[in-house]
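Counting convention: from 1, in listed order, for ligands and their atoms alike.
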Amino acid sequence: MSTGPLLDTFGRVATDLRVSLTDRCNLRCSYCMPAEGLDWLPGEEVLTDDEVVRLITVAVERLGVREVRFTGGEPLLRRGLPDIVRRTTALRPRPQTSITTNGLGLSRTAATLAEAGLDRVNVSLDTVRREDFATITRRDRLPDVVAGLAAASAAGLGPVKVNAVLMRGVNDDQAPELLRWCLARGYQLRFIEQMPLDAQHQWSRESMITAEEIFASLNAEFLLEPAEEPRGSAPAELFTVDGGVGTVGVIASVTRPFCGDCDRVRLTADGQVRNCLFARQESDLRAALRDGADDNEIADRWRVAMFGKRAGHGIDDLSFLQPVRPMSAIGG
Ligand code: SAM
Ligand code: SF4
C-alpha cells in the first residue's frame, strides 16, 4: 500500500483537507458571486457521494489527512451530506470533521449532522442587521442563519465559529457590534480579510478592510490580548476579549499571510485537487477515478499535485493573477 504524507518542496505537510461538495449556493454574497449566480458545474462532472468518500478515504488512510472540512458553494445543499459525514467519521484514524456553511437550513439539519459524527460548524455571518444582511447576501434570510447557529450550538457542534467579512461602506463599522452579539451567545467570531477570489473580479487592495483597521475598531471598545495558544498552522490570530469573556480571531490572509505554515489541501466538487486557494493549476483525480485507477495510483497522483505547491499566494506580486475559479467553485 502506498502511504506517505502530502509533502511539498518547502517541507510543508498538508493534513487539513477542504472538500467542496457543490459550487451552488442559495445566497449571493456580493464579495463572492454576482446577483445572477454562476454557470454551475454540470451534474455529471460533480463527484458522486461514493467518489467523494473514496477520495477522502485515500486521503485519510494513505496520505495522513487528519481533518476534513466540508464546504462549497453551500454544503448543506448537498443531499448526501449526513451520509458523507457518517462514512468519513467511520474512517481510522478518525478525522476531525466540520462544515463551513451560510447556515440556511442548519436549524433542520444540525441534529442529524451531529448524530452522523460531525464535530464542528463555521457559520458565515457578516452583519446582524437584517437590512444589511439582505444587501450583502441579496436575500432576506438573517432569521434563518440566526436559528441555524442556535441549533448548531444546541446540537453540540461547538465551539460554534462565526466567519465575517467586512466591506468598506457596507458593514465596516459593525465589528464591535458583531463581536458583542457573538460573545453574548458563546460563538467564536473570526474576521476574514476579503481576498481576490470573487467571480466578478472586483476586489481591490485599496477597498479591502485590513486586519489593522479591524483591530483599531475593536480596540476602541474591547481589551484584546493575544491568546496563549500558539498560532501554529491555524490562520486566525486569536485574542482574548476583556480579560477572558471570550475570544476573537482575525484571519489576515492578505496583509499577514500565513502561507509558510499552511497545512491545507483542497478538493473541488468536480474532483480536482488544488494545493492552494490561489493555485493556477489543478490535478484531475476524477478522471483518474473514472478511468479505473486504484487507490495507490490516486494517492501517488495526489502527492505529485501537492509537491509543486508554491511558497505563497503572491497577491502583492506584480505578476499575480486571480485564479480562474472563484472561491465558491474552489471551496472556501
Ligand atoms: N457557503 C458557505 C459559507 O458562506 O460559509 C461556504 C463557502 S464560502 C465560499 C466560505 C467562506 O468564504 C465564507 O466564510 C465566505 O464569507 C468566505 N468568502 C467568500 N468570498 C470571499 C472573499 N472574496 N474573500 C474572503 N472570504 C470570502
Ligand atoms: Fe454562497 Fe458562501 Fe459565497 Fe455567500 S460566501 S455566496 S454563502 S458560497
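- Considering both main-chain and side-chain atoms, Ser328 never comes within under 3.5 Å of ligand 1 through any nitrogen or oxygen pair.
- Nearest protein heavy-atom neighbour of atom 3 (Fe) of ligand 2: Cys32 SG, 2.4 Å.
- Remark: the Arg69 side chain and the Ser98 side chain contain an N/O donor-acceptor pair separated by less than 3.5 Å.
- Atom 8 (S) of ligand 1 has Gly72 O, 4.4 Å as its closest protein atom, hydrogens excluded (heavy atom only).
- In terms of polar-atom proximity, Thr101 is counted as a contact of ligand 1, with an N or O under 3.5 Å from an N or O of the ligand.
- The side chain of Val165, and not its backbone, has at least one atom closer than 4.0 Å to an atom of ligand 1 (non-hydrogen atoms only; side chain from C-beta on).
- The nearest heavy-atom contact from the protein to atom 27 (C) of ligand 1 is Met327 CE, 3.5 Å.
- Side-chain N/O atoms of Asp270 and Thr268 include a donor and acceptor closer than 3.5 Å.
- Residue, atom and distance of the protein heavy atom nearest to atom 5 (O) of ligand 1 are Ser124 OG, 2.5 Å.
- Residue-ligand proximity, Gln194 to ligand 1, at heavy-atom distances under 4.0 Å covers atoms 24 (N), 25 (C).
- Checking side-chain atoms of Thr57 against main-chain N and O of Val53 turns up a donor-acceptor pair under 3.5 Å.
- Set against the non-hydrogen atoms of Glu193, the atoms of ligand 1 under 4.0 Å away are 25 (C).
- Each of Arg264, Arg18, Arg120 was evaluated against Glu67; a single residue qualifies, Arg120, per the salt bridge (charged side-chain N to carboxylate O under 4.0 Å, His left out) test.
- The backbone N or O of Phe10 sits less than 3.5 Å from a side-chain atom of Asp8, completing a donor-acceptor pair.
- The contact set between ligand 1 and Asn102, taken as ligand atoms under 4.0 Å from a residue heavy atom, comprises 2 (C), 3 (C), 5 (O).
- If you look at Leu27 next to ligand 1, there are no close heavy atoms at all, none under 4.0 Å.
- The two residues Glu74 and Asn102 come nearest to each other via the heavy atoms OE1-N, 2.7 Å.
- Ligand 1 has a nitrogen or oxygen under 3.5 angstrom from a nitrogen or oxygen of Tyr31.
- Donor-acceptor pairing under 3.5 Å is recorded for the side chains of Arg62 and Asn296.
- Contact atoms of ligand 1 toward Asn163: 14 (O) (distance under 4.0 Å to a heavy atom of the residue).
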ring-ring contact (aromatic ring centres under 6.0 Å, His included) between Phe239 and Phe215, intermediate numbers included: CA-CA 10 Å; Phe239 300 85; Phe215 287 128; 5.1 Å; yes
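- Both the backbone and the side chain of Cys29 come within 4.0 Å of ligand 2, judged by heavy-atom distances.
- The closest protein non-hydrogen atom to atom 23 (N) of ligand 1 is Met195 O, 2.9 Å.
- Between the side chains of Thr127 and Gln174, at least one donor N or O sits under 3.5 Å from an acceptor N or O.
- No side-chain donor-acceptor contact under 3.5 Å links Glu193 and Thr210.
- Near Thr71, meaning under 4.0 Å from any of its heavy atoms, are these atoms of ligand 1: 6 (C), 7 (C).
- Given atom 2 (Fe) of ligand 2, the protein heavy atom at minimum distance is Cys25 SG, 4.4 Å.
- Judged by the shortest distance from any of its heavy atoms, Ala164 lies outside the 4.0 Å radius around the atoms of ligand 1.
- Of the protein's non-hydrogen atoms, the one nearest atom 1 (N) of ligand 1 is Gly73 O, 3.0 Å.
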Could you walk me through whether Arg86 and Glu115 pass the salt bridge (Lys or Arg N to Asp or Glu O under 4.0 Å) check? CA-CA 8 Å; Arg86 189 169 293 114; Glu115 182 265 322; 3.3 Å; yes
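- Arg205 forms no cation-pi arrangement with Trp203, by the criterion of a distance under 6.0 Å to the ring centre and an angle within 45° of the ring axis.
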